[in-house]
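Report on the following structure.
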Amino acid sequence: VEQSVSQALLDLEANSDLSSALRGLYFVGAEEVVIRDDKVAVVIHIPFPQQKIYHKIQGRLVRELEKKLSGKHVIFLAKRRILSKPTRHSRNLSKQKRPRSRTLTAVHESI
């Protein structure tokens, strides 16, 4: 599934009006989800910081990807990261404070 999505995005980047918008964008993963017996959707996981950029071109991008992926529904999901609570024995190699947006509570509230 990921191969077909990456190939479709590469084709769109090469020869469409979305090429300038797609240039720096990437996705983390893709999977097929069966909705009903006859319906299949492709869920594309994108990084959370790129969610606003994807949202701007989402209408055109979904239409083009549905054409390329033989009529399957296309859904974009932002992949959020939860960092564990720092403890005395945890190895915090970056020595930075954990951002509020990466806490368990903040991620679950934003979903």
Side-chain angles (χ1 to χ4, degrees):
V1 176
E2 291 182 5
Q3 289 290 333
S4 61
V5 171
S6 64
Q7 186 62 41
L9 284 173
L10 191 64
D11 292 343
L12 286 175
E13 187 177 338
N15 50 17
S16 79
D17 57 340
L18 294 172
S19 61
S20 61
L22 288 173
R23 188 127 345 247
L25 299 179
Y26 60 94
F27 68 97
V28 179
E31 59 183 329
E32 282 188 352
V33 178
V34 177
I35 299 171
R36 284 188 233 138
D37 296 333
D38 57 340
K39 298 276 186 180
V40 176
V42 176
V43 178
I44 302 173
H45 298 282
I46 58 173
F48 178 70
Q50 292 184 354
Q51 183 182 18
K52 288 183 180 178
I53 302 168
Y54 270 103
H55 192 67
K56 289 179 186 176
I57 60 170
Q58 183 176 0
R60 292 180 291 164
L61 187 59
V62 165
R63 268 180 276 156
E64 294 295 326
L65 283 175
E66 283 177 349
K67 286 180 201 171
K68 298 247 183 219
L69 297 174
S70 67
K72 296 177 185 174
H73 295 291
V74 176
I75 301 168
F76 289 102
L77 280 181
K79 193 83 158 177
R80 297 173 187 265
R81 184 174 307 264
I82 299 173
L83 295 178
S84 63
K85 196 170 186 179
T87 61
R88 248 184 254 174
H89 301 292
S90 65
R91 292 185 162 229
N92 191 359
L93 298 176
S94 63
K95 302 294 183 197
Q96 291 182 342
K97 189 174 177 172
R98 175 178 63 158
R100 173 87 174 103
S101 63
R102 305 295 193 286
T103 63
L104 179 74
T105 308
V107 168
H108 284 286
E109 285 175 357
S110 62
I111 294 176

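Along the sequence shown, residues are numbered consecutively beginning with 1.
- The side-chain contact (heavy atoms from CB on, under 4.5 Å) test applied to Ser4 returns Leu69, not counting sequence neighbours.
- The side-chain heavy atoms of Gln7 and Asp11, taken from C-beta on, include a pair separated by under 4.5 Å.
- Considering only heavy atoms from C-beta on, Val5 comes within 4.5 Å of Leu9 through its side chain.
- Of all non-hydrogen atoms in Val107 and Arg81, the two that sit nearest each other are CG2-O, 3.8 Å.
- Val1 and Phe27 fall within a single hydrophobic cluster, where Ile, Leu, Val, Met, Phe, Trp and Tyr are joined by side-chain heavy atoms under 4.5 Å apart, directly or via other members.
- Ile35 CD1 to Ile75 CD1: the interatomic distance, rounded to the nearest 0.5 Å, is 5.5 Å.
- A 6.0 Å sphere centred on CG of Asp38 holds more than 12 heavy atoms belonging to other residues, nucleotides or ligands.
- Remark: Glu66 engages no residue in a side-chain hydrogen bond (donor to acceptor under 3.5 Å, both in side chains) (not counting sequence neighbours).
- Here the straight-line distance linking atom NE2 of His45 with atom CD of Glu2 works out to 8.5 Å at 0.5 Å rounding.
- Residues Lys68 and Ala8 approach most closely at CB-CB, 3.9 Å, considering heavy atoms.
- One hydrophobic cluster, built from ILVMFWY side chains closer than 4.5 Å, cannot hold both Leu77 and Val40; they sit in different ones.
- Listed here is the closest heavy atom pair of Gly24 and Gln50: O-NE2, 3.6 Å.
- Every residue two or more places apart in sequence or in another chain that forms a side-chain contact (heavy atoms from CB on, under 4.5 Å) with Phe76 is listed here: Ile44, Ile46, Tyr54, Gln58, Leu61, Val62, Leu65, Val74.
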